[in-house]
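Written out below as structure tokens is the structure these notes cover.
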Amino acid sequence: MRVPDWPIHTETSLDYLRQVLESPQWGGFHPMVGEFEERFARYQQCAHGIAMMNGTVTLETALQAADIGCGDEVIVPSISFVSTATSVSRVGATPVFVDIEPYSFNMDPASVQQALSPKTKAMIIVHFGGPFADMDRLLAIAEARGLTVIEDAAHAHGSEWRGRRAGTLGHAASFSFQNSKVLTAGEGGMVTLNDPQYAGRIRSIANQGRLPGHSFFAHFELGSNLRISALQVAVLMAQLDQLDAQIEQRTRNAALLLDALKDVPGIHWQDVPEAVNRNCWYLVLGRVDAQALGASRDAFCQALGHEGIPVTPFYPHALFQNPLYQQIPCRVMDAPNALACVKDAFWMPHRVLLGDDATTLQIADAIQRAVARARTAHPVMA
Ligand SMILES: Cc1ncc(COP(=O)(O)O)c(C=O)c1O
């Protein structure tokens with residue numbers, strides 16, 4: 001059994017790359033960058049797309065362009081990659097960490113409601129692993145309070161909530177094209193959104209505070225050079241050609257894999273709300289009930305490793321437990337689900353879903369063997 005590799009490239013990437021390499025412009029001003037921004041924005045059902053160096057600066061810029069800064073609070077989930085929180089700190093605002101729901105791994109609207117304060121200005125909603133957070137309830141809270149909503153869609157390219165894609169629900173969505181993501185150039189990011197004024201402000205900040213129609217050497221606000229390079233975009237153009245087919249393949253294989261594993265007791269796979277009519281399947285997430293499985297999460301993950309199945313035993317701590325947030329301002333809500341997931345959750349990367357049917361069934365067999373091996377090596381008594 002061979003788990004498919006990621007990333008994968010086709011000859012088309014070489015064609016796009018050659019176009020850039022044979023031009024005099026390898027940087028962010030190559031016309032292919034604008035073409036890709038338009039293509040990916042349209043893919044996300046948005047009017048505007050601003051590509052940048054990565055999916056961290058996209059979050060920072062989306063916050064800065066919404067005038068979020070000192071004295072403001074921004075609600076973020078306790079479980080995410082660190083950028084979701086550091087983007088808030090880096091614009092001078094205070095992250096307020098809320099709990100996640102137990103099995104969707106996404107922000108819990110009840111915890112968000114409790115976290116609101118007169119200083120709350122925005123929320124960053126992560127669509128963890130691919131499926132959307134509960135947008136009906138979260139958007140209702142945001143609308144009632146006039147909050148800015150930024151979707152951290154680093155995991156959710158092409159996913160849909162009632163037919164709508166990230167960037168059309170919140171005020172803006174931030175994407176990452178880092179190496180593990182379902183659309184990748186090794187590094188890269190983009191903000192997609194519909195509001196032309198907000199989009200113009202984001203573009204200006206990402207491009208040294210320049211404004212269209214003015215001198216290249218006139219700068220109108222404090223920006224930076226956050227531009228993506230055309231070489232990254234050449235790779236992304238080819239990746240985007242493959243994305244829909246890969247999402248379909250992962251969706252088919254996820255159904256096959258989870259069906260083959262349905263009789264394994266003690267693994268609760270990620271809950272996907274019915275309103276998520278399309279999931280890009282960035283991660284295959286689960287939680288281990290050690291008593292029911294007969295083995296601990298760590299023993300299971302170790303055994304998966306022995307079987308050649310790539311796995312990560314979740315984040316080692318909730319975001320607010322990072323040494324960083326012992327030193328800089330933040331506010332922390334009770335987060336029992338986040339803390340429980342740190343102890344019992346795991347994820348497999350999306351490449352486990354990129355094989356043919358036979359490979360997927362072999363992966364399911366390997367996971368079953370891992371359960372048996374974990375039970376023998378480190379049994380958990382009922
Ligand atoms: C949820 C989330 N947000 C933001 C980022 C940051 O993206 P990048 O690595 O492109 O800076 C990541 C990256 O893994 C992520 O998982």
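Counting convention: from 1, in listed order, for ligands and their atoms alike. A quick note: this is a predicted structure, and the numbers were derived from the prediction, not measured.
For the 3.5 Å distance criterion, the side chains of Y315 and S80 fail to qualify, holding no donor opposite an acceptor. In this model, no donor atom of one side chain and acceptor atom of the other lie less than 3.5 Å apart for D289 and H268.
Ligand-side atoms of ligand 1 in range of S80: 1 (C), range being under 4.0 angstrom from any heavy atom. Ligand 1 places these atoms under 4.0 Å from at least one heavy atom of Q178: 9 (O), 10 (O). Against a heavy-atom cut-off of under 4.0 Å, N54 is close to the following atoms of ligand 1: 10 (O), 11 (O).
The nearest heavy-atom contact from the protein to atom 5 (C) of ligand 1 is F81 CD2, 3.7 Å. When hydrogens are left out, the protein atom nearest atom 16 (O) of ligand 1 is H155 NE2, 2.8 Å; that is the closest non-hydrogen contact. Counting protein heavy atoms only, atom 4 (C) of ligand 1 is closest to D152 OD2, 3.6 Å.
A salt bridge between R252 and D357 is absent, with no side-chain N of the basic residue lying under 4.0 Å from a carboxylate O of the acidic one. The pair R287-D344 meets the salt-bridge criterion, with a side-chain N (NZ, NE, NH1 or NH2) lying under 4.0 Å from an Asp/Glu carboxylate O. Contact check on E37 versus R42 returns no salt bridge, with no Lys/Arg side-chain nitrogen under 4.0 Å from an Asp/Glu carboxylate oxygen. For the pair D244 and R278, the salt-bridge criterion is met [side-chain N within less than 4.0 Å of a carboxylate O].
Considering only non-hydrogen atoms, atom 2 (C) of ligand 1 lies nearest to A154 out of A154, G129, A156, G188.
Where the criterion is an N or O separation shorter than 3.5 Å, residue side chain and backbone included, T56 meets it with respect to ligand 1.
Within the structure, ligand 1 lacks G189 among the residues with a heavy atom less than 4.0 angstrom away. At least one heavy atom of K181 sits under 4.0 Å from some atom of ligand 1.
Exactly one of T58, V191, L59, V74 qualifies for a side chain to side chain contact (heavy atoms under 4.5 Å, CB included) with I150. That residue is L59.
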